[in-house]
Amino acid sequence: QVRLVESGGGLVQPGGSLRLSCAASGSAFSINGMGWYRQAPGAERELVATSSGGILKYADAVKGRFTISRDHAKKMVYLQMNSLRPEDTAIYYCNADILVLTTMKRVRSWGQGTQVTVSS
């Protein structure tokens with residue numbers, strides 16, 4: 001079983017910064033890629049950033065402000081968020097493209113989400 005756990009969310013002032021972390025744990029799996037999504041109330045979950053195969057992708061809304069990074073050895077992914085805006089307020093979800101080694105099946109795993117609120 002693979003588990004993703006996010007941390008680092010909270011309340012931050014507009015213009016401030018926050019760093020989200022996501023740790024993958026379990027056994028008999030490997031990670032092909034990891035990323036971050038977010039969902040605001042009443043809105044659809046949207047891509048924030050992904051890191052896979054050395055390729056980084058960002059949503060236009062966060063380019064230049066957010067940075068995704070990974071620690072492959074620790075099976076972690078981070079999202080450094082700078083110059084935060086109220087419209088960044090959402091639940092942020094970690095996801096991973098997982099290869100389950102016992103079955104050699106690829107699955108998507110999701111964390112429980114962490115709330116980010118940008119407000120003065």
Task: Arg45 side chain near Trp110 side chain, heavy-atom distance below 4.5 Å - done: yes

- [ ] Report the C-alpha separation of Val118 and Gln13 in whole Å, then their side-chain angles, then the decisive distance to 0.1 Å, and conclude whether the side-chain contact (heavy atoms from CB on, under 4.5 Å) test is met.
- [x] CA-CA 6 Å; Val118 185; Gln13 185 179 3; over 6 Å; no

Task: Heavy-atom closest contact (Cys94 atom, Val77 atom, distance) - done: SG-CG1, 3.7 Å

Task: Within-4.5 Å side-chain heavy-atom neighbours: Gln80 and Ser69 - done: no

Task: Heavy-atom closest pair, residues Pro14 and Ser119 - done: CD-C, 3.5 Å

- [ ] Treating Ile, Leu, Val, Met, Phe, Trp and Tyr as nodes and any side-chain heavy-atom pair under 4.5 angstrom as an edge, say whether Leu99 and Met76 lie in one connected cluster.
- [x] no

- [ ] Examine distances only and state if a side-chain atom of Tyr93 and a backbone atom of Glu6 form a donor-acceptor pair shorter than 3.5 Å.
- [x] no

Open item on the list: For Tyr58, run the side-chain contact (heavy atoms from CB on, under 4.5 Å) check against Ile68, Leu47, Thr50 and tell me which one passes.
Closed with: Ile68

Open item on the list: Less than 4.5 Å apart, side chain to side chain, heavy atoms only: is that true for Leu101 and Ser30?
Closed with: yes

Open item on the list: Tell me the closest heavy-atom pair linking Ile98 and Ser109, and the distance in Å.
Closed with: CG1-OG, 3.5 Å

Task: Tyr78 with Phe66, same ILVMFWY side-chain cluster at under 4.5 Å - done: no

Open item on the list: I need the Tyr92 OH to Leu79 CG distance, nearest 0.5 Å.
Closed with: 7.0 Å

Open item on the list: Please check this pair: side chain of Thr117 against backbone of Thr89, looking for a donor-acceptor N/O pair closer than 3.5 Å.
Closed with: no

Task: Minimal non-hydrogen separation, Cys22 against Met34, with atom names - done: SG-CE, 4.2 Å

TODO: Rounded to the nearest 0.5 Å, what's the gap from OG on Ser120 to CG on Leu11? Could you check?
DONE: 9.5 Å

- [ ] Identify the residue among Val116, Val48, Thr114, Leu20 that makes a side-chain contact (heavy atoms from CB on, under 4.5 Å) with Arg38.
- [x] Val48

TODO: Spell out, yes or no, whether Ile91 and Val5 are grouped together once hydrophobic residues are joined by side-chain heavy atoms under 4.5 Å, including indirect joins.
DONE: no

Task: Same apolar cluster: Trp36 and Val62, side chain cutoff 4.5 Å - done: yes

- [ ] Find out whether Ser25 and Lys75 are in side-chain contact, i.e. whether some heavy atom of one side chain is under 4.5 Å from a heavy atom of the other.
- [x] no

Open item on the list: I want to check something: taking the side chain as every heavy atom from C-beta on, are Val12 and Ser17 in contact at a cut-off of under 4.5 Å?
Closed with: no

Open item on the list: I'd like to know if Lys63 and Asp60 make a salt bridge, using a cut-off of under 4.0 Å between side-chain N and carboxylate O.
Closed with: yes

Open item on the list: Would you say that Ile31 contacts Arg70 through its side chain, given a criterion of any heavy-atom pair below 4.5 Å between the two side chains?
Closed with: yes

